[in-house]
Asks: 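Just dropping this structure here.
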Amino acid sequence: MEKQTVLFVDDETNVLNSLKRLLHTEPYRCIFAQNGQEAIEIMEKENIHVIVTDLRMPEMDGFTLLSRIEKKFPDTIRLVLSGLGDKDSIFDAIDKGNIYRYILKPWDNSEIKIVVRQALERQQGKSREALLANLIENAGHIMIVIIHPDGLIMECNALTRSLFCYTEKELLGLRVDDLFKRDADEPGKIADFVAQDSSWQGELTAVTKDGELFPAAMVMSRYESQGGRDANIICFVRDVTQEKEIERMKSEFIALTSHEMRTPLTSIRNSVDIILSRKAGSITATQEKFLTIAERNINRLGGFLNDLLHLYELETNKMELKYAEIDITTTVMDAIKRLQPLAEKKSIQLSVKIPPDLPVIYADASRIEEVVAHLVDNAIKFTGTKGKIRVEVRPMLDRPDDVFQDVNVFVEISVTDTGIGIPPEFIEHVFDKFYQVEASMSTKRQSGTGLGLAINKYIVEAHGGTIACRSEEGKGSRFVFTLPIFHNKRESSGSGKDYMPEKQGATQNIL
Amino acid sequence: MDKKRILIVDDEADIVESIKFSLELEGFECLEANDGEEALFKAKEERPDLILLDIMLPKINGYKVSRTLKFDDQYKDIPIIMLTARAQEKDIKIGETTGANEYITKPFDMEELLALITKYLKTE
């Protein structure tokens, strides 16, 4: 940081000399001037933080000097060091010169050191305050509004005024509820959001002076000063019109693309089907072979479109999870039953191990079934004939020391296969969108969209669980996901009736 | 026995062509409409035994066509199978409120469609 500078002005050389001797060990730089004119010339060239001046000087007296400095350099702290001794003239000087302190001649050495240091500290505080005020006022991308706990707007920056089309004076008379509206289904005053908690964030509708509306994202927090007596609320607000527009366009684009691809795909598929089913006449074996390839790839493209929409819906939370108390055994078995024929086709031994008395899970049964089915389907795809796939469910504790915290109790569902495995360098990417290990490998394998595992991850995480993968190339893979047993019950049944799993059986084995 | 008559409503001539070919082979008589207005007109005029209805149609969309027919006592018994390229959940939800009997997403399996059609025409 730049060394602070103090300018001393006195027409008596011996005063300046003794100040020079006194203050040369102080942590600031001292400059000396013998008259008002010289002082002003120095100030025009140098950044002076504090000026200490005598009052009685020839040509330009101290009062004239101080009033010029006040106008030209308002940030400089002004001190007087003078022999003008009576009370009235001191008060007169303080009042007229609007000065910070008055030091009487002859001075006390300690006093002058203390007063100059205090003046420098004050100057530093003032410039920091000015810097922060400037920063807030001119923040170009964020609206900053400070409100009183009763909702009255106390401060706001330039961007707030310009986006809401109000003058500063108009805005300061308004309440926060005049600027922002909540959704209709969430009644209550905005300032009340932070009454209970110390912060709140969410989306609101902003209303300008002309009654125009725009979407706004707000982060609100209470900040306390002066030992908690002043508890104002500071709001950071962003205009999210553009984000919303981009989101809408993305949604429209996906819907349009999906439609525009499905329509021609339907005609292609129907036509290929007609020929393959020999409804349009007989075909040769070679013709059939290539039309079968066409058919398989039509199905692949259709599947991809479905996955793309599916993932998009999950990402934008358009897919609502239908929570209910579910019996995980039934859910897992339903998925397995669907895939059993596929496993049989490849002579894969599909075994299931589910202990009795599993706790009830609060989840969307169809989504969880989808995850299990996808993992098993993948396992079948990547496991050779006569391989083994094992599906296991077991309750687990998150960490041993959390035994008494029910929220940390999970069930773990795993699918282990003896398939081709995943090379170590690909493991961390398997849950990424559009990532497919076999696409990066030279061997041509089963088709897939590369979206399935990403979809699984979204579903599991939406339930508050985690999903992971371990694999050894050539030996097999193991996918494990967890589901919390006591899920946040958003749609509490309130019936009070305990749901008991239907299946109380011991380990079940199929095949 | 008279041939069962199916009204195919789609603005995509290629799709109509392929569906029509398959249905005629199965012994159905096919009627065509290329927009919602024509669909309503033909449904009322010809009283088909079943309607295959696309959603995104010119003039009047498929949802409206279905609603109009299903909320009219004279026509509400005609089975409607919605065919659509829109597969988002919200679209399916809207579809469910239109009274249509089935909802099938493009591209669909022709055998699947034939099975559905047979199911509705048998129960009559």
Asks: With a 4.5 angstrom heavy-atom cut-off, is it the side chain or the backbone of B:L25 that approaches chain A, or both, or neither?
Replies: side chain
Asks: Does NZ in A:K244 sit with more than 12 non-hydrogen atoms of other residues, nucleotides or ligands closer than 6.0 Å?
Replies: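 Not buried by this count: 12 neighbours or fewer within 6.0 Å.
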Asks: Heavy-atom pairs under 4.5 Å with chain B: which of A:S271, A:P264, A:S277, A:A280 has the most?
Replies: A:A280
Asks: What part of B:E17 lies closer than 4.5 angstrom to a heavy atom of chain A: side chain, backbone, both or neither?
Replies: neither
Asks: Would you name the heavy atoms of A:T263 and B:I15 that are closest together and state the gap between them?
Replies: O-CD1, 3.6 Å
Asks: Is a donor on one side and an acceptor on the other found under 3.5 Å between the side chain of A:R269 and the backbone of B:F108?
Replies: yes
Asks: Enumerate by number any residue of residues 28-43 of chain B whose heavy atoms lie under 4.5 Å from heavy atoms of chain A; in the absence of such residues, state 'none'.
Replies: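 From residues 28-43 of chain B, none sit under 4.5 Å of chain A.
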Asks: Could you tell me the separation between the CG atom of A:L276 and the CE atom of B:M110, rounded to the nearest 0.5 Å?
Replies: 12.5 Å
Asks: What distance do B:T105 atom OG1 and A:L305 atom CG have between them, rounded to the nearest 0.5 Å?
Replies: 11.0 Å
Asks: For B:K70, does the NZ atom sit with more than 12 other heavy atoms under 6.0 Å from it, leaving out its own atoms?
Replies: yes
Asks: State whether the number of non-hydrogen atoms from other residues, nucleotides or ligands found under 6.0 Å of A:Q201 atom CD is greater than 12.
Replies: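 Atom CD in A:Q201 is not crowded, with 12 or fewer foreign heavy atoms closer than 6.0 Å.
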Asks: For residues B:D14 and A:S267, report the shortest heavy-atom separation together with the two atoms involved.
Replies: CB-OG, 3.3 Å
Asks: Would you check if there is a donor-acceptor pair between the side chains of A:N270 and B:S18 at a distance under 3.5 Å?
Replies: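 Present: a donor and an acceptor within the cut-off.
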Asks: Please classify the contact between A:L265 and chain B as side chain, backbone, both or neither, with a heavy-atom cut-off of under 4.5 Å.
Replies: both
Asks: Restricting to non-hydrogen atoms, name the atom on B:K106 and the atom on A:R262 that form the minimum distance, rounded to 0.1 Å.
Replies: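 Minimum heavy-atom contact is O-NH1, 2.7 Å.
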Asks: Using heavy-atom distances under 4.5 Å, tell me whether B:E24 contacts chain A through its side chain, its backbone, both, or neither.
Replies: neither
Asks: Relative to chain A, which segment of B:D109 carries a heavy atom at a distance below 4.5 Å: side chain, backbone, both, or neither?
Replies: both
